[in-house]
Amino acid sequence: MKMINLVNRASVFTLILLFVFQSCSSSNDGSEDTPVNPAPTNLTVKVDVIGKTAENPNGDGSGKIKLTLNATNALSYKVLINNELKEITTGELTYEFTASGTNNYPISVSAYNGTKFINTSTTVNVYVARKIIWADEFNVDGAPDTSKWGYNTGTGDGWGNNELQYYTTRSENVKVEGGLLKITAIREDYMGSKFTSTRMLTKGKFSFKYGRAEIRAKLPAGGGTWPAFWLLGDNIDTVPWPGCGEIDILESVGNNPNVIHSSLHSPGRSGNTPDTKTTTAPNSTTEFHIYAAEWSAESIKFFVDDNLFYTYKNSSTTPFNANFFVIVNFAMGGNFGGAVDPNFKSATYEVDYVRVYN
């Protein structure tokens, strides 16, 4: 028995030595295979436009598409679409475009296995029907709808423009009456200011990225009046102006009646911005006109009564690719409004509606 045990132990010891020797030999001569992530190959991209038919080759107006991605050895995909980067692992992505009209969009797709990747690109034509995503028709008399509007109040140290008014929420300055929003600027001594008025905004209640924003309004008359309709970057609390961006759809001053200004403010192009144009709106203080901007990743277009007068070329380097909120206000005097007519007593900015479309 002892001899058998010794033989068995010797056999086991010999096997261990052989295993160690083979392991050392494998590691020393480099003959052991090292796992390698193979690069993806055969990347294909299938684009299905939702609702596409022979009669509607660009879709049903929803703006939705479905991407089906496939590549040999791919573990994940990155899709650059409409200036947005999407990362997925399933090989399927549904995306909804929001800019109204029929547009052609480039799509870039990369397939990954670890750090190795391949890429390809394609394009798609998509029709998006225009639809309202937010609006106030001002059909209920009284104070403006607090679910839609908040206010800036006070002097704001001239709001950066040496303006003269004190903004309030009083019914003397702002109310809905007869289907119209009425913002009235009044010459009066109030809280240390010589004028009162109102500034309404949707901050914290509504913001949007890309689409059409419009106002139908009749402008106030009088030297020193300065009504406006504009958009401001929703990230202003963390990215101070002008880094947050500003899109001025309508500005007009009573000292230069019927002239409509549309402008954009961004880093290095703020204050007296070079990104500005003017047009005219005849009888703007006695008749209603529609002032609008159509905003996309490629451009921001400004209209009066659907007449295009200014196109700004947008790009990924501007602040104009994030959410913005809406502002309607009526300022007095300041750097832009100019001198107030000494005979000015009050004037009203009347708004039929404010609408935002996809």
Side-chain angles (χ1 to χ4, degrees), residues 58 63-65 78-86 95-108 121-134 201-203 206-215 228-251 260-279 290-304 306-327 354-358:
N58 300 311
K64 294 180 180 179
I65 66 169
K78 291 183 180 180
V79 181
L80 182 62
I81 183 169
N82 201 27
N83 283 343
E84 295 183 38
L85 183 63
K86 305 290 185 179
Y95 186 85
E96 181 177 353
F97 295 97
T98 59
S100 59
T102 300
N103 297 290
N104 179 267
Y105 295 95
I107 302 172
S108 180
S121 61
T122 186
T123 62
V124 63
N125 286 319
V126 181
Y127 166 63
V128 180
R130 180 178 290 175
K131 58 181 180 286
I132 293 176
I133 59 174
W134 183 95
L201 63 164
T202 67
K203 185 174 186 286
F206 170 75
S207 65
F208 71 107
K209 173 184 169 183
Y210 305 146
R212 175 184 170 97
E214 68 178 33
I215 188 171
F229 171 55
W230 48 300
L231 312 177
L232 194 59
D234 204 33
N235 59 352
I236 188 170
D237 291 338
T238 55
V239 183
W241 188 91
C244 63
E246 176 181 329
I247 303 172
D248 298 326
I249 301 171
L250 157 68
E251 288 184 287
I260 308 303
H261 301 253
S262 292
S263 311
L264 300 107
H265 300 268
S266 58
R269 305 178 76 83
S270 58
N272 293 323
T273 174
D275 301 317
T276 184
K277 292 282 195 253
T278 63
T279 189
I290 297 173
Y291 307 91
E294 294 185 356
W295 167 32
S296 71
E298 292 74 35
S299 65
I300 306 173
K301 299 180 178 181
F302 297 89
F303 303 81
V304 173
D306 281 333
N307 295 311
L308 174 66
F309 71 95
Y310 177 34
T311 299
Y312 169 87
K313 185 178 181 181
N314 198 13
S315 73
S316 60
T317 63
T318 76
F320 309 119
N321 297 286
N323 277 32
F324 278 58
F325 59 87
V326 179
I327 302 176
V354 177
R355 296 173 182 167
V356 178
Y357 300 82
N358 58 321

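Below, each value reflects all heavy atoms present in this structure, side chains not excepted, and no hydrogens, waters or symmetry copies.
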Problem - From T98 atom OG1 to K64 atom NZ, the distance as rounded to the nearest 0.5 Å - result: 12.5 Å

Exercise for the section: May I ask you to decide if F325's main-chain N or O and D234's side chain share a donor-acceptor pair within less than 3.5 Å? Expected result: no

Exercise for the section: Return yes if some donor-acceptor pair links the side-chain N/O of T202 with the main-chain N/O of V326 below 3.5 Å, else return no. Expected result: yes

Practice task
Evaluate the side-chain proximity of L250 to I260: yes if any heavy-atom separation is below 4.5 Å, no if none is.
Solution key: yes

Problem - Exam field: side chain N103 to backbone V126, donor-acceptor pair closer than 3.5 Å - result: no

Exercise for the section: Could you check if a side-chain atom of F97 sits within less than 4.5 angstrom of a side-chain atom of I81, using non-hydrogen atoms only? Expected result: yes

Handout entry: Closest non-hydrogen atom pair, N323 against K209
Key = OD1-CB, 3.3 Å

Problem - N307 vs T279, side-chain contact (heavy atoms from CB on, under 4.5 Å): CA-CA, chis, key distance, verdict - result: CA-CA 10 Å; N307 295 311; T279 189; over 6 Å; no

Practice task
Evaluate the side-chain proximity of E214 to Y357: yes if any heavy-atom separation is below 4.5 Å, no if none is.
Solution key: yes

Practice task
For N272, look at atom CG and say whether over 12 heavy atoms of other residues, nucleotides or ligands are found less than 6.0 Å away.
Solution key: no

Practice task
Answer yes or no: is there a donor N or O on one side and an acceptor on the other, between the side chain of S270 and the main chain of P267, under 3.5 Å?
Solution key: no

Handout entry: Backbone of Y312 reached by a side-chain donor or acceptor of S299 within 3.5 Å
Key = no

Exercise for the section: Answer yes if the ring centres of Y291 and F229 are under 6.0 angstrom apart, and no otherwise. Expected result: no

Problem - Interatomic spacing from NE2 in H261 to CG in D248 - rounded to 0.5 Å - result: 10.5 Å

Handout entry: Nearest heavy atoms of L232 and C244, plus distance in Å
Key = CD1-SG, 4.1 Å

Exercise for the section: For A297 and N83, work out which heavy atoms get closest and say how close. Expected result: CB-ND2, 3.2 Å

Handout entry: CZ on R212 to CD1 on I249, rounded to 0.5 Å
Key = 9.5 Å

Practice task
Could you tell me whether a side-chain N or O of N358 sits under 3.5 Å from a main-chain N or O of A129, the two making a donor and an acceptor?
Solution key: yes

Handout entry: Side-chain touch I65/Y105, heavy atoms, less than 4.5 angstrom
Key = no

Fill in the blank from the handout: In this structure, CZ of F302 is separated from CG of L308 (nearest 0.5 Å) by 10.0 Å

Exercise for the section: Would you confirm whether T276, through its side chain, and T273, through its main-chain N or O, come within 3.5 Å as a donor-acceptor pair? Expected result: no

Handout entry: Close side-chain approach of S296 to N314, heavy-atom, < 4.5 Å
Key = no

Fill in the blank from the handout: Taken to the nearest 0.5 Å, the spacing of Y310 OH from S263 OG works out to 7.5 Å

Exercise for the section: Scan side-chain atoms only and decide if W230 and E251 contain a donor-acceptor pair under the 3.5 Å cut-off. Expected result: no

Handout entry: Distance in Å, I107 CD1 paired with K86 NZ, rounded so as to fall on 0.5 Å steps
Key = 12.5 Å

Exercise for the section: Evaluate the ring planes of H265 and W241, with Trp represented by its six-membered ring, and classify them as parallel (under 30°), tilted (30 to 60°) or perpendicular (over 60°). Expected result: tilted

Practice task
Measure up the F320 and F324 rings against each other and bin them: parallel (under 30°), tilted (30 to 60°), perpendicular (over 60°).
Solution key: tilted

